[in-house]
Amino acid sequence: MELSILVISHNSSRVLPECLERLHKYYPHAQQVVVDAASSDGSLELARQWPNLKTLSVANRGYAYAVNRGLEVVSGHYVAIMNSDVYLEAGDLEALVAALTTHPKAVMAGPVLITPQGRPQSFGLFYAPYYFNLHKPRPVTWISGALIVLRRDHLPQLGGMDERFFFYNEDMEWGIRARRKGFEVLLIPRKVLHLGGASTPNDPRFIAEGYRGGLLLSQAHYSWIHGLHRKAVLLEAQLRVTLDPNPKRKAAYKLLLSRLGRQKDLPSSFLLEESSKIHP
């Protein structure tokens, strides 16, 4: 089968029907797999109602873990990995596949993700220049894991996502690793709607997890600056605990201080029990 589609879902019953309806409409001949990470809102049961759709139930050990379990069961030459809150239009995946076929060194490609307001999704000041004058596929450092089309025959050399990451920064690590192995990572000028935040509860641990992921990234690929990075995170946390008026953020930084300040190694995910540590 030429194209496989992996939809990663966790408690996404609000957005999953529209996502699957579009896959059914625009990609009926693709292999479609929903990887459900221990949802408690009926998402898995909902997905099982769709014809010609495979479902895979996995433990909730993070986005990278779910992606890797899905990659183990797909058969397409190209694999689209997507969040359940990405709403495809006709031709979106074809455009990403076309970019990969015309760039032999490319291992993955992603679109310009746009918000419901029609603006390019922000991934920080360093990412914003990638959007400027984007008229053809552009090699970039990384692309958002919300929608990636991967060339599966390069996967043995690249390796899957790093499962030490739970919810943030795993896409950035994957892109950096791909480039260091000699591959290209492409951003293409195709706009695709991404609602954003559909699986992220209002939980301070998600803020702390973002910092943890950043520290894992510097530890893995920028070891020369990791120590300074860690000190900067601790200093920021100390300042925000004192000065930040937002209770949610204040709780997140207290959690960072309590875990980072008392152990030399990086903690396991803030979103997992201590007894359920992830190993790469």
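Residues take their numbers from the sequence shown, with the count starting at 1.
Summarising the geometry of Leu215 relative to Val233, their closest heavy-atom pair is CD2-CG2, 4.2 Å, with the distance given to 0.1 Å. When all heavy atoms of Leu23 and Gln32 are compared, the pair lying nearest together is O-NE2, 3.4 Å. Here the closest non-hydrogen pair linking Ala237 and Leu256 is CB-CB, 4.4 Å. When all heavy atoms of Ser13 and Leu46 are compared, the closest pair comes out as O-CD1, 4.2 Å. Nearest heavy atoms, Tyr131 versus Pro120: CE1-CB, 3.8 Å. Summarising the geometry of Gln31 relative to Gly76, their closest heavy-atom pair is OE1-N, 3.9 Å, with the distance given to 0.1 Å.
A donor atom on one side chain and an acceptor atom on the other are not found under 3.5 Å apart for Tyr63 and Asp171. A donor-acceptor pair shorter than 3.5 Å cannot be found between the side chains of Tyr211 and Tyr168. Residues Gln121 and His194 bring a donor and an acceptor atom of their side chains to less than 3.5 Å of each other. Judged purely by distance below 3.5 Å, without hydrogens or angles, the side chains of Ser9 and Ser84 never pair a donor atom with an acceptor atom.
Side-chain atoms of Arg22 come within 3.5 Å of backbone atoms of Leu88 as a donor-acceptor pair (strictly under, hydrogens ignored). The main-chain N or O of Asn169 is never found under 3.5 Å from a side-chain atom of Trp174 such that the two would form a donor-acceptor pair. In terms of modelled atom types and a separation under 3.5 Å, the side chain of Asp92 and the main chain of Glu89 share a donor-acceptor contact. In this structure, Thr115 contributes its side chain and Arg119 its backbone to a donor-acceptor pair below 3.5 Å. A donor-acceptor contact shorter than 3.5 Å links the side chain of Thr101 to the backbone of Ala98. In terms of modelled atom types and a separation under 3.5 Å, the side chain of Asp36 and the main chain of Ile8 share no donor-acceptor contact. No donor-acceptor distance shorter than 3.5 angstrom exists from the side chain of Arg240 to the backbone of Lys250, with no hydrogens or angles considered. Remark: the backbone N or O of Leu100 is paired with a side-chain donor or acceptor of Arg151 at under 3.5 angstrom. Within the 3.5 Å criterion, the main-chain N or O of Phe166 finds no donor-acceptor partner in the side chain of Arg61.
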Identify each donor-acceptor pair in which a side-chain atom of residues 139-149 lies under 3.5 Å from a protein atom, sequence neighbours left out, and give them as a table.
from	atom 1	to	atom 2	distance (Å)
Thr141	OG1	Tyr130	OH	2.9
Ser144	OG	Ala146	N	3.1

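Connection of Leu53 to Leu44 is not established within any shared hydrophobic cluster, with ILVMFWY side chains joined at heavy-atom distances below 4.5 Å, either directly or through further cluster members. Note on Ile225: it clusters hydrophobically with Leu217, by side-chain heavy-atom contacts below 4.5 Å among ILVMFWY residues. Ile176 and Trp224 fall within a single hydrophobic cluster, where Ile, Leu, Val, Met, Phe, Trp and Tyr side chains are chained together by heavy-atom contacts under 4.5 Å. Using a 4.5 Å cut-off between side-chain heavy atoms of Ile, Leu, Val, Met, Phe, Trp and Tyr, with links allowed through other members, Tyr253 and Leu239 fall into different hydrophobic clusters.
By the neighbour-count criterion of 12 heavy atoms within 6.0 Å, atom NE2 of His221 is densely surrounded, having more than that number from other residues, nucleotides or ligands. For Asn52, the CG atom is loosely surrounded, since the number of other residues' heavy atoms within 6.0 Å does not exceed 12. For CZ of Arg180, the number of neighbouring non-hydrogen atoms (other residues, nucleotides, ligands) closer than 6.0 Å is greater than 12. More than 12 heavy atoms of other residues, nucleotides or ligands sit less than 6.0 Å from atom CG of Leu243.
A salt bridge does not link Glu173 with Arg164: every distance from a Lys NZ or Arg NE/NH1/NH2 to an Asp or Glu carboxylate oxygen is 4.0 Å or more. One finds a salt bridge joining Arg69 and Glu163 here, because a Lys/Arg side-chain nitrogen approaches an Asp/Glu carboxylate oxygen to under 4.0 Å.
Here the straight-line distance linking atom CG of Leu155 with atom CD of Gln157 works out to 10.5 Å at 0.5 Å rounding. Interatomic distance, Met172 CE to Phe123 CZ, rounded to the nearest 0.5 Å: 9.5 Å. Taking CG of Leu216 as the reference point, atom CG of Asp162 lies at 7.0 Å (rounded to 0.5 Å). Going from atom CZ of Arg152 over to atom CG of Leu3 covers 11.5 Å, rounded to the nearest 0.5 Å. Distance CZ/Arg212 to CZ/Arg205: 12.5 Å, rounded to 0.5 Å.
Evaluated for a side-chain contact (heavy atoms from CB on, under 4.5 Å) with His10, the options Val35, Asn83, Asn60 yield exactly one hit, Asn60.
Judged as a salt bridge (charged side-chain N to carboxylate O under 4.0 Å, His left out), and not counting sequence neighbours, the contacts of Arg249 are Asp244.
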